[in-house]
2 protein chains.
Amino acid sequence: MDIEELLKQNDLKVTPQRKAILAVLQNTNSFLSAQDLFQRVIAILPGTNFSTIYRNLDVMLAKGLLCRVPSDNGADLYELRREEGHHHHAVCKTCGASIPVDYCPMESLIQELDRKGFLPTEHCFEVYGLCARCRKGKGKQ
Amino acid sequence: MDIEELLKQNDLKVTPQRKAILAVLQNTNSFLSAQDLFQRVIAILPGTNFSTIYRNLDVMLAKGLLCRVPSDNGADLYELRREEGHHHHAVCKTCGASIPVDYCPMESLIQELDRKGFLPTEHCFEVYGLCARCRKGKGKQ
DNA sequence: GATGCAAATGCAAATTACTTGCAGGAGGCC
DNA sequence: GGCCTCCTGCAAGTAATTTGCATTTGCATC
């Protein structure tokens, strides 16, 4: 989808900073930390402040444009929520590769939670380990 | 299991601070942030430093005595790993109640990952939403 | 095209959660 | 009881993120 359309559909004003943020996210297959994103955004639009990045990540997250996943080191990671829909990741602890996983555990759990009266609104499912390359000792250190 | 036994079995020296940490965790059904844990430990053992808490959380995590789960606000949450074994949680965003969930998604995923050559070492699965009480508007705030 | 106003931004300082270096102190094998 | 190693307290440091505020900008309306 067109970036400007995406913003307008979500009642967000179209600003150069937001266009830069979404452009970076659209051109990235794996997910990014806020700081990585910041570095790439200022390459496109120098002068952009990091608080703008953080504020927009929050706004876009609230609008459902993005997904956020926790990571080993403190920094959360972000990625564009794509049309293909919801998915999870297996992340390699050595090289950082992020392998998409189609399976979503909520499918199996929704009934059990419903029986307990619990209404799920969000969930987090991430797998960490070693990818095939790194397992064979071929990944970057 | 006895706290001192637990420490010895894991090659950790038995110190008053460690006993206090484990005592707090044993008496807590849901999980705690490092800061909450710290507050409760100094109630038992005044003078304990928070760096001791953090260092011991890391050590005990590495030994597999504890589980850590990420949370909405920055702070990670910890709980004792109980004998009954591995489980996950549904956490109420209103009252903080943590409902244990027996189901583990890795069971369904292990084969798919294996086919891709990925070796999972850790995973995180948490569900957030509204518990039955809060759904009916009876929870705190 | 000018105007008004809420929303968005830049900047700098503050906050939060956690980490580290170091010197002294305490478990526990001998 | 001695010794060595691990553990702790303290204080300073760090990294990620948030906040307050003054200024600027998008964009609906005139």
Side-chain angles (χ1 to χ4, degrees), chain A residues 2-24 31-63 65-66 68-79 96, chain B residues 2-24 31-63 65-66 68-78:
Chain A
D2 179 53
I3 288 179
E4 301 206 8
E5 262 319 294
L6 192 59
L7 286 169
K8 283 179 189 164
Q9 282 192 1
N10 286 280
D11 294 316
L12 295 174
K13 291 191 174 168
V14 178
T15 69
Q17 293 84 350
R18 283 177 179 163
K19 288 199 282 185
I21 291 170
L22 289 174
V24 169
F31 33 13
L32 293 171
S33 69
Q35 298 289 344
D36 281 345
L37 180 64
F38 172 56
Q39 295 303 328
R40 299 193 195 194
V41 167
I42 58 176
I44 299 178
L45 193 68
T48 303
N49 196 273
F50 57 78
S51 61
T52 300
I53 304 287
Y54 282 114
R55 270 189 288 233
N56 278 309
L57 286 175
D58 278 353
V59 170
M60 293 177 186
L61 206 58
K63 296 283 185 184
L65 269 66
L66 309 182
R68 176 171 63 193
V69 314
S71 81
D72 262 18
N73 59 50
D76 283 346
L77 303 174
Y78 297 83
E79 71 165 357
Chain B
D2 180 52
I3 288 178
E4 300 206 8
E5 259 321 293
L6 191 60
L7 286 168
K8 283 179 189 163
Q9 281 191 4
N10 286 279
D11 294 316
L12 296 173
K13 289 192 176 172
V14 178
T15 69
Q17 293 84 349
R18 284 177 179 164
K19 288 199 282 184
I21 291 170
L22 289 175
V24 168
F31 32 16
L32 293 170
S33 70
Q35 298 288 344
D36 281 345
L37 180 64
F38 172 56
Q39 294 304 326
R40 300 192 195 196
V41 166
I42 58 177
I44 300 178
L45 194 69
T48 303
N49 196 274
F50 58 78
S51 62
T52 301
I53 305 287
Y54 282 113
R55 271 189 287 232
N56 278 308
L57 285 176
D58 279 352
V59 170
M60 293 178 186
L61 207 58
K63 296 282 186 184
L65 269 65
L66 308 181
R68 177 171 61 191
V69 313
S71 81
D72 263 16
N73 59 50
D76 283 348
L77 303 173
Y78 298 83

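So that the names make sense, note that chain A is the first sequence line, chain B the second, and so on, each numbered from 1.
Side-chain atoms of Asn10(B) never come within 3.5 Å of backbone atoms of Leu12(B) as a donor-acceptor pair (strictly under, hydrogens ignored).
For Asn56(B), taking side-chain heavy atoms from C-beta onward, the closest of the listed nucleotides dT8(D), dT17(D), dC10(D) is dT8(D). Minimum atom distance to the side chain of Thr52(A) is reached by dT9(C), of the listed dC18(C), dT18(D), dT9(C).
Distance, Tyr78(B) OH to dA17(C) P: 12 Å, rounded to whole Å. Ile53(A) places its CD1 atom 9 Å from the P atom of dT9(C), with the value rounded to the nearest Å. Here the P atom of nucleotide dT17(D) and the CG atom of Asn49(A) are 14 Å apart, to the nearest Å. What separates CG of Asp58(A) from C1' of dA8(C) is a distance of 14 Å, to the nearest Å. Remark: P of dT8(D) and CD1 of Ile42(B) are 16 Å apart, rounded to the nearest angstrom. As a whole-Å value, the separation of Leu57(B) CG from dA17(C) C1' is 12 Å. Between the P atom of dA7(C) and the CG atom of Asp11(A) lies a distance of 11 Å, rounded to the nearest Å. To the nearest angstrom, P of dT9(C) lies 10 Å from CG of Leu45(A).
Counting heavy atoms from C-beta on, the side chains of Thr52(B) and Thr15(B) never come closer than 4.5 Å. Contact check for Asp11(A) versus Lys63(A): side-chain heavy atoms found under the 4.5 Å cut-off. Contact of the Gln17(A) side chain with the Leu45(A) side chain is registered, since non-hydrogen atoms from C-beta on lie closer than 4.5 Å.
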Pairs under 3.5 angstrom, nitrogen or oxygen only, protein versus nucleotides 21-25 of chain C, please.
| unit_1 | atom_1 | unit_2 | atom_2 | d |
| --- | --- | --- | --- | --- |
| dG21(C) | O6 | Arg55(B) | NH1 | 3.3 |

Polar pairs (N or O, both sides) under 3.5 Å between protein and nucleotides 26-30 of chain D?
| unit_1 | atom_1 | unit_2 | atom_2 | d |
| --- | --- | --- | --- | --- |
| dC27(D) | OP1 | Val14(A) | N | 3.0 |

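Rounded to the nearest 0.5 angstrom, Arg40(A) CZ and Thr48(A) OG1 are separated by 15.5 Å.
Using five terminal pairs a side, the axes of the helix from dG1(C)-dC30(D) to dC30(C)-dG1(D) at its two ends make an angle of 40°, given in steps of 10 degrees.
When all heavy atoms of Ile53(A) and Phe38(A) are compared, the closest pair comes out as CG1-CD1, 3.7 Å. Between Ala34(A) and Tyr54(A), the closest heavy-atom pair is CB-CE2, 3.3 Å. Closest of all the heavy-atom pairs between Lys13(A) and Leu7(A) is O-CD1, 4.4 Å.
Asp58(A) is linked by a side chain to side chain donor-acceptor pair (under 3.5 Å) to nothing, counting only residues two or more places apart in sequence or in another chain. Partners of Gln39(A) by side chain to side chain donor-acceptor pair (under 3.5 Å), not counting sequence neighbours: none found. For Arg18(A), the side chain to side chain donor-acceptor pair (under 3.5 Å) partners are Asn56(A), not counting sequence neighbours.
Residue Tyr54(A) places at least one side-chain N or O closer than 4.0 Å to OP1 or OP2 of dT17(D).
Across the interface with DNA chain D, nearest-nucleotide mapping of Gln17(B) and Phe50(B) shows Gln17(B) to be the residue nearer the 5′ end.
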task: Applying side-chain contact (heavy atoms from CB on, under 4.5 Å), run through Leu57(A) and Leu37(A) and close with a yes or a no.
output: CA-CA 10 Å; Leu57(A) 286 175; Leu37(A) 180 64; 3.7 Å; yes
